[in-house]
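Working notes for the structure below.
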There are 2 protein chains.
Amino acid sequence: MKAVSSSAPPGREIFAPFAMVARALGHPCRLGLLQLLAQGERSVEALAEQAGLGLANASQHLQQLRRAGLVATRRQGNRIFYRLSDRAVVALLSALRRLAERNLSEVARLVERHFKVLDQAEPIGPVELVQRMKKGLVTLIDVRPAEEFAQGHLPGALNLPLAELGRRARLLPRRRAVVAYCRGPYCMLSYEAVARLRRRGFTALRLEDGVPEWRARGLPVERGAPQALAPQRRKGGAAARRLCAANRR
Amino acid sequence: MKAVSSSAPPGREIFAPFAMVARALGHPCRLGLLQLLAQGERSVEALAEQAGLGLANASQHLQQLRRAGLVATRRQGNRIFYRLSDRAVVALLSALRRLAERNLSEVARLVERHFKVLDQAEPIGPVELVQRMKKGLVTLIDVRPAEEFAQGHLPGALNLPLAELGRRARLLPRRRAVVAYCRGPYCMLSYEAVARLRRRGFTALRLEDGVPEWRARGLPVERGAPQALAPQRRKGGAAARRLCAANRR
DNA sequence: CTTGCATTCAAGAAATCTGTTGAATACTAT
DNA sequence: ATAGTATTCAACAGATTTCTTGAATGCAAG
């Protein structure tokens, strides 16, 4: 950018810091990194791998995010963990998503179509989920990797990472519908999970929100406990009761 | 950006549209244009002039905003009027501002310092304004140009554009404190107005919000009526009553 | 101190973005 | 039609961004 055209109206530089933050959000890779970080803190290496980026490249993207104040770092021994600097970041991302959904109908249609192939049905919202859980109508599964589940998950959810879905799907009760959720509205894990479950004859639905959105709504999140890998779990009954108890307050 | 490094994790392109919207916000000039548009619709020419941009340059920035779905256009005869496409845009800008304020303390300090020279006192919030207006303690002035005032202003505000402040300041009551507002938290008009009024011996304060923020809070806005240019107006009394009435609902 | 590991820095090529200029388009008024 | 106005388009130079590669840094373990 050259010297601003003619008479620079005063108070233009004021916007520079804000523009910098917006710019930091302005790259698909960085949005992907932020979505991952919204699940919990991670090392550079883990982020690079899960985002499918080269190491140095991921590092540079992360530093850009840090310069913009969107993420913060913590050193632990040899490695450096990145995390969202503030839960307002999730709010900003949600605002961005809402607006892009409304206004970019052209692109949004394409995205939707691309996903609708996997999931023809509307996702259900958090309110409806709680109602159905209360009635014991659904089994709630978290299809993210176990580590992310450990860092926070919906109360009463079973952790069934997509990778293990093939092996463990048969353990799900067939009577109840299965509701799957993952990292967020634009994470494809749950789309994929729902598609696979349907192919196996399950009644499967997607939860609209991911964990970050759920948390941002002020709804309760259960931490820790990567869940016993025990394939045989009282499926749904106890879990549903826990979810309801947590939501009743 | 080349082909994404190695194995493109699925669902990366999904973020592209969102990144595009964020990018559109990622330039100081475009943020300035959006701030102007938040006051009301405008022609390209008016926008270019007020933002201090070349005509073609402004046009291109505006088209970028339109491609991102942030603004929309309307043709009227010879000219084209741009407007915000959705009030969610103001919400997004506010979210951006909040986050940048919190996290970019380094830059924020500089900005603040730059402004604190003009305004040493904290701005007052909308709640406090309503209270003081109710008690008839303050005169509320809108220091934006008359056209913007006409497109929407706080109930009971007097329009005293910065350009006319010199001539008309003497007409303000000296007993009451003067509260000035303008386009938003990072518009310098009100800073400047407050500084000038103080130099003249007034007790002057800045309102934290501008009209867009006020509106976004769901507070009432009076439209039309560029206000009689009559220098002699029952200053504050009737205005205050109107503001209070409007806010009471 | 040396080694190994995680991360960052540095440099360079390719792509993208910006602002300017001058021409082209779309509409109004004469 | 013709002239005039408002806006957009096209093209270009300069700046910035992005990703890759390879080296440098900081820390922990031996």
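Sequence lines set the chain letters: A, B, ... in the order given, protein chains first and strands last, and positions in each chain run from 1.
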Practice task
Whole angstrom is fine here: how far is it from CG in N57(B) over to C1' in dC12(D)?
Solution key: 14 Å

Problem - Close side-chain approach of L62(A) to T73(A), heavy-atom, < 4.5 Å - result: no

Practice task
Check whether any side-chain N or O of R183(A) sits under 3.5 Å from a backbone N or O of P212(A) as a donor-acceptor pair, and report yes or no.
Solution key: no

Practice task
Among dC9(D), dG19(C), dT20(D), find the nucleotide with the atom closest to the side chain of A56(B).
Solution key: dC9(D)

Exercise for the section: Have a look at Y186(B) and tell me which of R97(B), Q35(B), E101(B) forms a side chain to side chain donor-acceptor pair (under 3.5 Å) with it. Expected result: E101(B)

Practice task
Answer yes when E49(B) and R42(B) have at least one side-chain N-carboxylate O distance shorter than 4.0 Å, and no when they do not.
Solution key: no

Practice task
Specify the separation, in whole Å, of atom CD of Q60(A) and atom C1' of dG22(D).
Solution key: 13 Å

Handout entry: Among Q151(B), R144(B), E147(B), side chain to side chain donor-acceptor pair (under 3.5 Å) partner for Q39(B)
Key = R144(B)

Fill in the blank from the handout: When rounded to whole Å, the CD to P distance for the pair E49(B) and dA6(D) reads 12 Å

Problem - Any donor-acceptor pair under 3.5 Å from Q63(B) side chain to S59(B) backbone - result: yes

Exercise for the section: May I ask you to verify if any side-chain N or O of S59(A) is less than 4.0 angstrom from the OP1 or OP2 atom of dT8(C)? Expected result: yes

Is there any protein nitrogen or oxygen under 3.5 Å from a nitrogen or oxygen in nucleotides 27-30 of chain C, and what are the pairs?
residue	atom	partner	partner atom	Å
dC27(C)	O2	N78(B)	OD1	3.2

Practice task
Write down the distance between CZ (R67(A)) and C1' (dT18(D)), rounded to a whole number of angstrom.
Solution key: 13 Å

Exercise for the section: Identify which one of D209(B), V211(B), I141(B) satisfies the side chain to side chain contact (heavy atoms under 4.5 Å, CB included) criterion when paired with L154(B). Expected result: V211(B)

Handout entry: Residue I80(B), side-chain heavy atoms: nucleotide from dC19(D), dT8(D), dT8(C) that is nearest
Key = dT8(D)

Handout entry: Audit row: E213(A), Y181(A), side chain to side chain donor-acceptor pair (under 3.5 Å) steps and yes/no
Key = CA-CA 11 Å; E213(A) 290 80 17; Y181(A) 72 87; over 6 Å; no

Problem - Residue whose nearest DNA chain C nucleotide is more 5′ - R23(A) or Y82(A) - result: Y82(A)

Problem - Phosphate OP1/OP2 of dG26(D) contacted by R79(A) side-chain N/O (<4.0 Å) - result: no

Fill in the blank from the handout: Nearest heavy-atom approach of P155(B) to L140(B) is O-CD2, 4.3 Å

Handout entry: Phosphate OP1/OP2 of dG19(C): any H27(B) side-chain N/O under 4.0 Å
Key = yes

Practice task
Calculate the interatomic distance between L47(B) atom CG and dT7(D) atom P; express it in whole Å.
Solution key: 9 Å

Exercise for the section: May I have the distance from R66(B) (atom CZ) to dC9(D) (atom P), rounded to whole angstrom? Expected result: 7 Å

Exercise for the section: Using modelled atom types only, decide if a donor and an acceptor are shared between the side chain of R74(B) and the backbone of F81(B) within a distance under 3.5 Å. Expected result: no

Completion exercise
Terminal axes of the helix from dC1(C)-dG30(D) to dT30(C)-dA1(D) (5 end pairs apiece), angle rounded to 10 degrees, sit apart by 30°

Exercise for the section: Looking only at side-chain atoms of E45(B), point me to the closest of dT7(C), dA6(D), dC9(C). Expected result: dA6(D)

Exercise for the section: Please state how far atom CD in Q63(A) lies from atom P in dC19(D), giving the value in whole angstrom units. Expected result: 14 Å

Practice task
Answer yes or no: does a side-chain N or O of H61(B) lie under 4.0 Å from OP1 or OP2 of dC17(C)?
Solution key: no

Problem - Integer-rounded Å distance: dT8(C) C1' and L53(A) CG - result: 16 Å

Completion exercise
Closest of dG19(C), dT20(D), dT18(C) to the R30(B) side chain is dT18(C)

